[in-house]
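We're numbering straight along the sequence, starting at 1. Just so it is clear, the model here is predicted, and its values are computed rather than measured. Ligands are counted one by one from 1 in listed order, and the atoms in each one are counted from 1 as well.
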Amino acid sequence: MTDRRTELADNLAHVEERISTACAKAGRNRADVTLVVVTKTYPASDVRLLAELGVRHVAENRDQDAAPKAAECSDLPLDWHFVGQLQTNKVRSVVNYADVVQSVDRPKLVTALSKEAVRAGRELGCLIQVALDAESGDNEGQLGRRGGVTPAGVDALADAIAAAEGLRLDGVMTVAPLAGPYAGHPRAAFERLMEISSGLRGNHPAANMVSAGMSADLDDAVAAGATHVRVGTAVLGVRPRLG
Ligand SMILES: *Cc1c(COP(=O)(O)O)cnc(C)c1O
């Protein structure tokens with residue numbers, strides 16, 4: 001019987017090997033890709049083990065679960081990323097523990113994040129979540145339950161974040177689409193995100209984070225040029241179904 005620590009160490013080693021291999025194939029430095037471990041649905045004890053095993057970035061997608069977990073782990077040297085759809089009434093709580101919100105997708109959220117960041121006296125990193133499933137459809141801003149702004153909406157949102165007190169525009173994020181022209185083609189989706197990132201960096205050179213890739217497609221994300229991969233299942237195991 002293996003204990004949880006050994007299991008996590010083995011899984012991390014395997015993910016590390018995938019990232020290194022993908023970097024080598026793409027001619028990239030391993031140091032240019034940051035592993036963010038998505039700890040949603042797993043307990044604070046796992047977060048603690050991960051920190052002991054050298055993980056420095058963790059991500060959560062639901063404030064109800066994340067807030068108590070982050071409080072329990074506040075002694076650990078971790079950066080907390082928020083990656084879920086964020087309602088404005090949860091913003092005050094999220095700003096207390098999040099270092100980066102990767103799922104910024106609408107002006108109203110920018111206003112709320114700015115207000116609470118100023119109030120908390122914190123600087124909050126922001127990634128614009130781009131919805132690539134909408135590329136060919138009608139562009140009407142925010143879409144679907146997975147969130148994200150259409151590619152056409154990125155520039156305006158970027159300017160809003162850059163102008164907002166308490167917020168720092170760090171870059172872009174996407175989830176490989178399940179619908180639209182990129183469904184089943186994560187590599188192409190991530191290459192499209194890289195183009196969007198290049199465009200963004202024309203106006204905002206410091207916004208160079210590109211968060212793409214999960215357990216199933218992190219190799220494609222690294223090949224395309226992602227700077228951050230968000231990995232849950234491959235490190236922690238298959239999650240029980242969320243309600
Ligand atoms: C859950 C989640 C991940 C991690 O997914 P896995 O397939 O478990 O690696 C990454 N990004 C977001 C936005 C998520 O919600």
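Note that the CG atom of Leu157 and the CD1 atom of Ile128 stand 4.5 Å from one another [nearest 0.5 Å]. The CG atom of Leu109 sits 11.0 Å away from atom OG of Ser114, with the distance rounded to the nearest 0.5 Å.
Contacts classified as side chain to side chain donor-acceptor pair (under 3.5 Å) and involving residues 25-38 (residues at least two apart or in different chains) are given here: Glu16-Arg30. Evaluation of the side chain to side chain donor-acceptor pair (under 3.5 Å) test over residues 5-14, restricted to residues two or more places apart or in two chains, returns Asp3-Thr6, Arg4-Glu7, Arg5-Glu52.
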Table of N or O contacts for ligand 1, cutoff 3.5 Å:
| from | atom 1 | to | atom 2 | distance (Å) |
| --- | --- | --- | --- | --- |
| ligand 1 | 8 (O) | Thr233 | N | 2.8 |
| ligand 1 | 8 (O) | Thr233 | OG1 | 2.5 |
| ligand 1 | 8 (O) | Arg239 | NH1 | 2.7 |
| ligand 1 | 8 (O) | Arg239 | NH2 | 3.2 |
| ligand 1 | 9 (O) | Ser215 | N | 2.9 |
| ligand 1 | 9 (O) | Ser215 | OG | 2.5 |
| ligand 1 | 9 (O) | Gly232 | N | 2.8 |
| ligand 1 | 11 (N) | Arg230 | NE | 2.9 |
| ligand 1 | 15 (O) | Lys40 | NZ | 2.7 |

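Between the side chains of His185 and Asp220, not a single donor N or O lies within less than 3.5 Å of an accepting N or O.
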Just list the side-chain donor-acceptor pairs under 3.5 Å for residues 120-127, sequence neighbours left out, or say none.
| from | atom 1 | to | atom 2 | distance (Å) |
| --- | --- | --- | --- | --- |
| Arg122 | NH1 | Val95 | O | 2.9 |
| Arg122 | NH1 | Asn96 | O | 3.2 |
| Arg122 | NH1 | Ala98 | O | 3.2 |
| Arg122 | NH2 | Asp99 | OD1 | 3.2 |
| Glu123 | OE1 | Arg168 | NH1 | 2.9 |

